[in-house]
Amino acid sequence: MLSNIRIVLVQTFHPGNIGATARAMKTMGLTELVLVNPRTFPDEDATRLAAGATDVLENALCVSTLEEAVRDCVQVIGASARLRSMPLPHFDEPDEMAQQVIDNAHQAPVALVFGRERSGLTNDEIRCCSHQVSIPANPEYGILNLSQAVQILAYEVHRAWRKRDVSGFAYQRTLEATPPSREQFGYFQEHLGRLMQQSGFLTQPHARTEEQLQALFARAQPSRKELSLLRGLLSAFEAHLPKQ
């Protein structure tokens with residue numbers, strides 16, 4: 001699905017912005033980059049600012065016109081900070097745009113189009129689009145760098161994609177954060193209960209106290225490593241108790 005989402009840059013002036021765009025794309029799983037009449041490409045600045053996303057640059061397609069860049073797309077969304085008089089559907093919020101993009105990308109290519117650094121897209125280029133989107137920003141200073149705009153919209157697209165059950169996206173988890181099994185948690189509770197009895201904290205079985213402590217540790221949600229540390233602490237205390 002993400003491979004059907006195309007980023008199109010129109011007449012980019014600074015090659016470094018192409019590299020930064022490639023980096024923004026790759027972090028969000030996007031790989032299809034099309035350049036319409038870039039001033040300079042390939043370029044060392046583009047490669048340097050890609051910072052590891054040079055594969056996106058190497059596979060970028062250069063074309064002469066925006067029409068050529070989007071001719072096979074079922075949806076073409078022009079990113080623009082300025083509202084035009086043309087009656088194109090307009091997304092006020094990028095997340096609304098992203099939901100529709102993901103729906104359409106199931107079937108065919110979709111393009112997100114970004115204009116020149118200083119002047120954006122022309123009216124004729126907007127007419128090549130089926131939709132417009134704006135990024136809500138400070139009305140007194142709503143200026144975004146080209147790659148920043150790409151990053152924001154790419155993030156929203158990736159967010160909409162990963163929320164789908166079919167995405168198979170797995171959030172990163174450290175091994176240390178693995179939760180304990182119910183058996184491991186049961187051993188800890190038994191160990192804690194035994195130590196409370198041996199230490200004199202409980203002179204007789206007191207289910208309410210043990211339930212409250214169980215609820216406390218359940219809310220804390222210790223990892224396996226943390227539970228192991230707690231058990232080590234209990235064992236250290238236990239070693240200093242009088243032998244019974």
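These figures come from a predicted structure and were not determined experimentally.
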Inset, instruction - Would you indicate whether the side-chain heavy atoms of I18 and T21 approach each other to under 4.5 Å? - result: no
Inset, instruction - Would you kindly check if the NZ (Lys) or CZ (Arg) of R231 is within the cone defined by 45 degrees around the ring axis of F188 and under 6.0 Å from the six-membered ring centre? - result: no
Legend entry - Other residues, nucleotides, ligands: >12 heavy atoms within 6.0 Å of E44 CD: no
Inset, instruction - Compare all side-chain heavy atoms of F217 with those of L227 and state whether any distance is below 4.5 angstrom. - result: no
Inset, instruction - Please assess T65 against N37 for the test side chain to side chain contact (heavy atoms under 4.5 Å, CB included), listing each intermediate value before the final yes or no. - result: CA-CA 7 Å; T65 65; N37 284 332; 5.9 Å; no
Legend entry - F185-L230 co-clustered via ILVMFWY side chain contacts under 4.5 Å: yes
Legend entry - Between CG on residue N17 and CG on residue N145, distance to nearest 0.5 Å: 5.0 Å
Legend entry - Beyond-backbone contact of P180 with S223, side-chain heavy atoms, under 4.5 angstrom: no
Legend entry - E183 and Y187 side chains, donor-acceptor separation under 3.5 Å: yes
Inset, instruction - Might you point out which heavy atoms bring L153 and P94 nearest each other, and give the distance in Å? - result: CD2-CB, 3.7 Å
Legend entry - Atom pair CD (E96) and CD (E156), whose distance is rounded to the nearest 0.5 Å: 10.0 Å
Legend entry - Worked check of side chain to side chain contact (heavy atoms under 4.5 Å, CB included) between R48 and D45: CA-CA 5 Å; R48 177 172 57 84; D45 282 344; 3.2 Å; yes
Legend entry - Test item: L57 and F41 side chains (from C-beta on) under 4.5 Å apart, heavy atoms: yes
Legend entry - Nearest atoms (heavy-atom pairs only) where A105 meets N4: O-ND2, 3.0 Å
Legend entry - Pairwise side-chain contact, S64 with V36, heavy-atom cut-off 4.5 Å (strictly under): no
Legend entry - Side-chain donor/acceptor of S199 to backbone N/O of L195, under 3.5 Å: yes
Legend entry - For Q11, the option from E125, E117, R116 that meets side chain to side chain donor-acceptor pair (under 3.5 Å): R116
Inset, instruction - Establish whether I143 and L9 are linked, either directly or via other cluster members, by ILVMFWY side-chain heavy-atom contacts under 4.5 Å. - result: no
Inset, instruction - Using the rule that two of Ile, Leu, Val, Met, Phe, Trp, Tyr join whenever any of their side-chain heavy atoms come within less than 4.5 Å, decide whether L35 and L146 are in one cluster. - result: yes
Legend entry - ILVMFWY cluster, L192 and L229 together (side-chain gap under 4.5 Å): no
Inset, instruction - Taking all heavy atoms of P179 and all of R224, pick out the closest pair and write down the distance. - result: O-NE, 2.9 Å
Legend entry - Nearest-0.5 Å distance that lies between atom CE in M28 and atom CZ in R159: 12.0 Å
Legend entry - Those residues that, when tested against F91, pass ring-ring contact (aromatic ring centres under 6.0 Å, His included) (two or more places apart): H131
Legend entry - Heavy-atom side-chain contact between Q184 and Q189 under 4.5 Å: no
Legend entry - Any side-chain heavy-atom pair of L234 and R194 under 4.5 Å: no
Legend entry - Backbone of R162 reached by a side-chain donor or acceptor of S167 within 3.5 Å: yes
Inset, instruction - Hey, could you give me the CG/CD distance between L216 and E211, rounded to the nearest 0.5 Å? - result: 13.5 Å
Inset, instruction - Give every residue pair that meets the side chain to side chain donor-acceptor pair (under 3.5 Å) criterion with at least one member in residues 50-62, sequence neighbours excluded. - result: K26-D55
Legend entry - Pair D95 + K163: basic N to acidic O under 4.0 Å: no
Legend entry - Closest non-hydrogen atom pair, S134 against H90: OG-NE2, 2.9 Å
Inset, instruction - Considering non-hydrogen atoms only, spot the tightest contact between I102 and V157 and give its length. - result: CD1-O, 3.7 Å
Inset, instruction - With rounding to the nearest 0.5 Å, note down the distance linking SG in C128 to CG in N123. - result: 11.5 Å
Legend entry - Path from I152 to V110 over hydrophobic side-chain contacts below 4.5 Å: yes
Going by atom type alone, with no hydrogens or angles, which donor-acceptor pairs under 3.5 Å involve a side-chain atom of residues 69-79 and a protein atom two or more places apart or on another chain?
from : atom 1 : to   : atom 2 : distance (Å)
D72  : OD1    : R6   : NH1    : 2.8
D72  : OD1    : R6   : NH2    : 3.4
D72  : OD2    : R6   : NH2    : 3.1
Q75  : OE1    : N104 : ND2    : 2.8
Q75  : NE2    : Q100 : OE1    : 2.7

Legend entry - V10 vs T122 side-chain heavy atoms within contact, under 4.5 Å: no
Inset, instruction - Report the C-alpha separation of H158 and L2 in whole Å, then their side-chain angles, then the decisive distance to 0.1 Å, and conclude whether the side chain to side chain contact (heavy atoms under 4.5 Å, CB included) test is met. - result: CA-CA 8 Å; H158 190 268; L2 294 180; 4.1 Å; yes
Inset, instruction - Would you check if there is a donor-acceptor pair between the side chains of Q151 and T27 at a distance under 3.5 Å? - result: yes
Inset, instruction - Measure the CG-SG distance between L121 and C129 for me, rounded to the nearest 0.5 Å. - result: 6.0 Å
Inset, instruction - Using modelled atom types only, decide if a donor and an acceptor are shared between the side chain of R23 and the backbone of A50 within a distance under 3.5 Å. - result: no
Inset, instruction - Report, as yes or no, whether the 6.0 Å neighbourhood of atom CZ on F169 holds more than 12 heavy atoms from other residues, nucleotides or ligands. - result: yes
Inset, instruction - For A24 and A154, work out which heavy atoms get closest and say how close. - result: O-CB, 4.4 Å
Legend entry - Test log, rule side chain to side chain contact (heavy atoms under 4.5 Å, CB included), inputs M97 and Q132: CA-CA 9 Å; M97 171 220 70; Q132 280 185 268; over 6 Å; no
